[in-house]
Amino acid sequence: MRQTAILVLIGALAGLAACSTGRVAEFAQDPQTGRREVREYTRYYDADGWLDDGKLGLQLAMTHEKKFVPVLYDLQKGLDAVGVPGALGKDHDKATGIVTFYLVNLDLHNRPFRLLRVTGGTQASPPSVARTVLAGARARTRVEIGNFTIPNYGKEVEFSVQFELDGIISTKSFMLKRRTDREIEAYFSRSGTPPYPWYQAPYFPFRPPLAQLKG
């Protein structure tokens with residue numbers, strides 16, 4: 001009877017809908033007040049850099065995805081807390097990062113950008129990621145890159161991008177930072193300004209406004 005009840009419970013847990021979370025919290029000390037506070041990180045990471053100084057910029061954005069069953073996950077965490085080996089599973093420390101690029105072209109003419117390879121951590125992009133994207137004149141062009149395996153509890157992820165621009169092949173590294181709630185509000189709310197160099201003078205405010213394109 002007891003074994004049957006356990007099997008029914010397992011079946012019920014398996015039948016629950018999986019949820020996605022990408023938040024993590026840590027205790028940190030405020031450098032100004034010296035007080036300890038809980039710092040909450042969101043699902044969103046980003047990084048930026050010039051590919052051609054003052055003319056063509058690249059913003060990397062990543063969304064953290066981790067599927068789990070709420071009741072089962074709470075049970076696993078409880079078992080892990082009391083020292084049950086393997087309670088959280090072998091992949092509890094891994095998540096999926098959904099990566100998107102934004103080419104910011106400040107020039108008055110289109111710029112061909114050939115993407116050759118993207119590496120995140122130890123995982124390289126499939127050959128299908130290689131393509132030529134036309135970065136529209138005075139436009140912000142969105143490019144879907146794909147999914148990468150990332151640390152579930154990390155606060156930054158390094159990516160390497162190999163590309164060809166104006167016939168020259170280059171490789172550039174970017175450190176994607178996981179944004180806190182405060183940073184999201186400060187940089188990406190309606191009243192905020194993103195912390196990228198093209199959002200600073202003399203490039204910003206954009207006149208005329210940059211078009212939004214999909215590559």
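Model, not experiment: these values are computed from the prediction. Throughout, numbering of the chain's residues begins at 1 and tracks the sequence.
Phe204 and Trp50 fall within a single hydrophobic cluster, where Ile, Leu, Val, Met, Phe, Trp and Tyr are joined by side-chain heavy atoms under 4.5 Å apart, directly or via other members.
By the 4.5 Å heavy-atom criterion applied to side chains, Thr119 and Gln162 are not counted as neighbours. Within the 4.5 Å cutoff, the side chain of Phe188 has heavy atoms near those of the Asp46 side chain. Leu106 places a side-chain heavy atom less than 4.5 Å from the side chain of Arg138. The side-chain heavy atoms of Asn105 and Leu210, taken from C-beta on, include no pair separated by under 4.5 Å. Using a 4.5 Å cut-off on side-chain heavy atoms (C-beta onward), Phe163 and Leu58 make no contact.
If you run side-chain contact (heavy atoms from CB on, under 4.5 Å) between Tyr45 and each of Thr63, Leu176, Val99, only Leu176 comes through. With Ile145 as the partner, the side-chain contact (heavy atoms from CB on, under 4.5 Å) test is satisfied by one option alone out of Val161, Val118, Thr100, Ile98: Val118. Checking each of Lys55, Arg111, Arg114 against Asp166 for a salt bridge (charged side-chain N to carboxylate O under 4.0 Å, His left out) leaves exactly one that passes, namely Arg111.
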Salt bridge (charged side-chain N to carboxylate O under 4.0 Å, His left out) between Arg182 and Glu40, intermediate numbers included:
CA-CA 9 Å; Arg182 292 180 181 178; Glu40 291 195 32; over 6 Å; no

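In the hydrophobic clustering, where aliphatic and aromatic side chains (Ile, Leu, Val, Met, Phe, Trp, Tyr) are joined below 4.5 Å either directly or transitively, Leu116 groups with Ile169. Other members of the cluster containing Leu213 do not exist, because no ILVMFWY side chain is joined to it at under 4.5 Å.
Stacking of Arg179 on the aromatic ring of Tyr44 is not recorded, the 6.0 Å distance cut-off and the 45° axial limit not both being met.
With hydrogens and angles ignored, the 3.5 Å screen pairs a side-chain donor or acceptor of Arg178 with a backbone N or O of Thr42.
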